[in-house]
Every structure is written in structure tokens, then in C-alpha cells.
Amino acid sequence: MSSYFTDLAQQYIDGEWRPGTGSWDVIDFNPYDDEKLASITVATVDEVDEAYQAAARAQKKWAETSPYTRRAVFERALRLIEDREQEIADLIIAELGGTRVKAGFELHLAKEFLRESVHLALRPEGRILPSPGEGKENRVYRVPVGVVGVISPFNFPFLLSLKSVAPALALGNAVVLKPHQNTPIAGGTLLAKIFEDAGLPGGLLNVVVTDIAEIGDAFLEHPVPKVISFTGSDKVGRHVATVCARNFKRAVLELGGNSALVVLDDADIDYAVDAAVFSRFVHQGQVCMAANRVLVDASVADEFTEKFVAKVRGLKVGDPRDPQTVIGPVINSAQAGAVSGTVEQALAEGATALVRGTTTNNLVEPTVLTGVPAGSPLLQQEVFGPVVFLLTFDGEEEAVRIVNDTPYGLSGAVHTADIERGVAFAKRTETGMFHVNDGTVHDEPIVPFGGEKHSGLGRLNGETTLEAFTTVKWISVQHGRSAFPF
């Protein structure tokens, strides 16, 4: 077992590693074999306050530090991740049941986002704007918001913590991070260790491992943070947004999805099958961008279905440490039960299982369902596991209607031999992101990432990160003398 699990099973507050003082422990389990990886005594409301106060103290000096100096910290952090890549991959496999392919995918993206943060430190620019007043000069400065609170999920914990933490720090803010209780190391204290070793001054990044059962809404309601960046379910996201609005905070919400991958009548079927299988089953389907629904034109449905089902049947389920494993465990027994319940409900509603997987502990085998009734609530919701709904349609109009018939609007994809036909189709979808002739699961450092409808508020990555973690300040200078009416 990695030494990270014993060394980092603590709180990290104001540059110090220390145990929490709560009355109970978060137990970190390997979801594949239930091995106990770590035990962390939770942080209390007082410790959340200490973390935020430390961040507020450290931030002012950090914001005044040259962005070139700040940039060097991220360059060192990138080198540390590269040096420790195998050990971090093993940790991801153990703590969240990610396969080796998934761990490599997550670390590749994490390094790309960290590289972008190196440049982001130099990105903020001011402007001088004209004034109708004689002798007036208007200066608009882009400045850090101050302190950012980050709440990260369990599915891609290292990446999704890093993609808020790193840019927020690069832009001159301080951060308090609360990782998901199922991934407190990969999504929390590991980042603190990397940035500590990279020379980030104490207090700028604090990690509190805790739960609402201990602290309630204290993390959200605390007066210090000006922005809360939350990645998780739309149910919790709605609550986060409500609390933030009540406390005049900005909420950046990256929430769930119910993405569709669409196969038009002129698509390359073999390629579309590969894209669809990856889009649904990467990391056991525990991805917000995953293709819950695969929509196929009726004219090619038989060929696609036969090849899709054959490929799904060939996916290896088992130990995520095995390089051949494609489907590892879901995160916990509650998630395994929820996925199995979805399958049972679909079958009870009249669906047919073309592939019917079984569930053993947290290992949930893939299931392919067809014939789900058009009005079923199952087609409206996110399924966070290896279950896919296969639907047919007649023509593009019906396909667009089905794609948009969901409260979510995160990602999607369309396959066609005509690229411009695909782009025209994508423009008609009510999503924040859509991909032509590719999968639904994508994230890149400089393109705006986020969703419409219940899939979130705001965007991250590239220029949109500036909007998320900075604010603007207008300072006017009167070089002459203003004339006042009294």
C-alpha cells in the first residue's frame, strides 16, 4: 500500500499537517477488495474556519507576488507529478477503483491542466477605456477574488480538484479544498503534498477532510470565500447555488449530465461503435460526460446494435490493477445498488436487456438495454454506472428532439460522414459541449468546459477560468478638474 495513505491521512491547514478534532473518522476503503487504506478524523467547523482564515492571511502577499514567481511553483509541481506518476497512478487505482487506462487518462489531463496554469499566471490584463468626461481616464484592473472554496467529486478526484485549485492559485487567490470523503487522498491531501513540496507558501492551499454531517453548510456559508467551485450532482449543486446566492457568493457549478451519442444514417459504424463503447463505459460509466443514451438511425440500427453488443460483451470486468481490465468497481455499495436498481426498473417497465450484467460486491458488469418506453423517467436522469440505453430514431428531427429531451445539457456527440451536417446538428442541441465524429468524454485546458440547464453554471478552462476566479475593478483618474453642479 502506498505510503501516501499513511502519511497524508491528515488535515492540511496553514501549512501544517495535523489530525482533525471531530468525533468520528472518514474510513478510506479500496472499492475493489474493501481493504482499509486510511482513517482520517474529520475536521470540525472550527478547523474549517482556521483554514479559511489562514487562506485570507496568506492571499494578500501572494497576490502581490510577481506572476513569474508564482509561475515557478506550478512548473515545479508539474515536475513532481511527472517524477511520481507511477505512484500516483497506483493510488488512483487503489482509492477509487480506476483502471490503469483510466489512471493514465486522468494523469495525462492533470498534467495538461497544470501546464496551462503555468501560463495562466501571466494571463490577466488590464484595460484603459475612454470616458465622456473631459480629462478622465478609466482603468479596469483584473484582480484575484481572494479566497476560493473548492469541493471536488470522487470520480476524477485528482484532475477535478487540480483544475480548480491550480488556476485559482495561479491567478493570485488562496484556496480551501474539501475533497469527497471517498477520495480524500487523491482528491485532497495529495495535492497539498505536491504543492508543499513545490514551494507553495503555507496557508495558500488548505485541505479539510470532513462531511456535512460534521460541519453542515459551514464550508459554503463562511464569510471569507468569495467563490465556491463545486463539481458533483445537480441535487447537491442546487443546494450549493442556493446557499451561495443567499450569502452573495459566486458559484461555479460543474454538475451531472445525460449525454447522448448519435449515429446518423451515413456514419462509419465500426468507428461509432468504438466511440460509443468508450463514451459509456470509461471508468465504469462514472463520468458526468458519459453517453447514457446511444441514439441510432433506424436504417443502420441492426448493424450498429450487433457490433455494439459484441464489443460490450468482450469488455473485461475485474481487478483494476490488471492492465487488461476495462470495467473495475464502482465507488461503493450504495452506487452498486443504485445502478442495479436502475436496471431492474427498466426491465419492469418493459425494456429488453441485450446484455445483462450481474453485480458482485462493487463490481457491476455492463448492461445494454433497449426498448425503454419513451416516457420513462430513466431516460431523463443521469445513470452513474455501466448501463446504457440504446434508442432508435427516424431522421434528424427526431434525433434532435430526443437529445434535448432531458433536464441536463452537458456533452454529446454525433457521427456522420458529412462534417458540416454534424456541426449543424450540434448547433441544435441544448448542451454546453458537443463533438462531431468523436466520443462524448472530453476535457481540454483552453476550451470552455461546462453545461446548460441542470448541468451547471459558469465555465472553466482557458479564458473562462479568468472569469471564474478573478473580478474586475474600475479605477478612474481625473487629470483635469471635474465640474460639479453644486
Side-chain angles (χ1 to χ4, degrees), residues 1-55 91-92 94-97 149-155 157-158 160-161 165 175-193 196 205-225 228-233 235-237 239-240 243 286 329-338 361-362 384:
M1 186 172 70
S2 170
S3 62
Y4 281 133
F5 289 115
T6 51
D7 296 344
L8 303 183
Q10 302 181 73
Q11 312 293 333
Y12 184 69
I13 299 173
D14 203 10
E16 295 183 354
W17 295 95
R18 51 174 160 136
T21 59
S23 56
W24 55 285
D25 292 351
V26 166
I27 308 299
D28 192 10
F29 287 105
N30 181 321
Y32 175 68
D33 59 15
D34 284 332
E35 177 190 7
K36 180 180 176 181
L37 302 173
S39 176
I40 306 174
T41 303
V42 295
T44 62
V45 171
D46 287 343
E47 284 155 341
V48 170
D49 175 63
E50 289 175 37
Y52 274 130
Q53 298 297 347
L91 185 153
I92 288 172
E95 190 173 44
L96 56 137
V150 177
I151 303 173
S152 64
F154 67 79
N155 57 339
F158 188 68
L160 295 179
S161 292
V165 168
V175 175
V176 178
L177 167 63
K178 189 186 92 62
H180 194 281
Q181 56 267 37
N182 285 126
T183 49
I185 310 296
T189 54
L190 174 60
L191 269 75
K193 177 62 174 172
E196 180 185 52
L205 174 58
N206 305 270
V207 177
V208 289
V209 179
T210 189
D211 186 77
I212 58 172
E214 178 71 29
I215 65 169
D217 283 335
F219 191 90
L220 304 174
E221 293 178 335
H222 197 283
V224 163
I228 300 292
S229 178
F230 170 82
T231 305
S233 71
K235 179 181 177 182
V236 179
H239 178 72
V240 171
V243 175
Q286 298 175 120
V330 296
I331 192 67
N332 54 39
S333 59
Q335 192 65 30
N361 299 322
N362 293 336
F384 226 54

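Along the sequence shown, residues carry numbers from 1. Note that these values count all heavy atoms, side chains included, but never hydrogens, waters or copies made by symmetry.
Proximity of a side-chain donor or acceptor of Ser152 to a complementary backbone N or O of Ser161 within less than 3.5 Å is not detected. Between the side chain of Asp33 and the backbone N or O of Glu35, at least one donor-acceptor pair lies under 3.5 Å. For Thr183 (side chain) and Ala186 (main-chain N/O), no donor-acceptor pair under 3.5 Å exists by modelled atom type. Here the side chain of Asn362 pairs a donor or acceptor atom with the backbone of Ser333 at under 3.5 angstrom.
Inter-residue side-chain proximity for Glu16 and Gln10 is flagged as unmet; no heavy-atom pair is nearer than 4.5 Å. Inter-residue side-chain proximity for Ser229 and Ile151 is flagged as unmet; no heavy-atom pair is nearer than 4.5 Å. Side-chain atoms of Pro179 and Val207, non-hydrogen and from C-beta on, do get closer than 4.5 Å to each other. Between Lys193 and Tyr12, every side-chain heavy-atom pair lies at or beyond the 4.5 Å cut-off. You'll find the side chain of Thr210 stays beyond 4.5 Å of the side chain of Glu47, heavy atoms only. You'll find the side chain of Val209 stays beyond 4.5 Å of the side chain of Val42, heavy atoms only.
Minimum heavy-atom separation, Pro153 to Leu160: CG-CD1, 3.5 Å. Closest non-hydrogen pair, Leu191 versus Phe158, comes out as CD1-CD1, 3.3 Å. Of all non-hydrogen atoms in Ala55 and Val176, the two that sit nearest each other are CB-CG2, 4.1 Å. In terms of heavy-atom proximity, Ala43 sits nearest to Val208 at CB-CB, 4.1 Å. For the residue pair Pro225 and Gly149, the shortest heavy atom distance occurs at CB-N, 4.1 Å. Between Asn361 and Ala336, the shortest heavy-atom distance links the atoms O-CB, 3.7 Å.
Between the side chains of Gln11 and Trp17, no donor N or O sits under 3.5 Å from an acceptor N or O.
Here CD of Glu214 is found 12.5 Å from CD of Gln181. Values are rounded to the nearest 0.5 Å. Within the model, atoms CG of Asn155 and CG of Asn182 stand 11.0 Å from one another, a figure rounded to the nearest 0.5 Å. The distance from atom CZ of Phe5 to atom OG of Ser39, rounded to the nearest 0.5 Å, is 13.5 Å. Separation of atoms CD (Glu95) and CG (Asn30) is listed at 9.5 Å; rounding is to 0.5 Å. Remark: Gln286 CD to Ile331 CD1 distance equals 6.5 Å, nearest 0.5 Å. Interatomic distance, OG1 of Thr189 versus CD1 of Ile40, reported as 5.5 Å (0.5 Å rounding).
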Take Leu37 and Phe29 through the side-chain contact (heavy atoms from CB on, under 4.5 Å) test and state the conclusion after the steps.
CA-CA 5 Å; Leu37 302 173; Phe29 287 105; 5.9 Å; no

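Applying the ring-ring contact (aromatic ring centres under 6.0 Å, His included) test to Phe230 and every residue at least two apart in sequence or in another chain returns nothing.
More than 12 heavy atoms of other residues, nucleotides or ligands lie within 6.0 Å of CG in Asp217, so this atom counts as buried by the packing criterion. Other residues, nucleotides and ligands contribute only 12 or fewer heavy atoms inside 6.0 Å of the CD1 atom of Ile212.
Relative ring orientation between Phe154 and His180 is described as perpendicular, the plane-to-plane angle rising above 60° on a 0-90° scale split at 30° and 60°.
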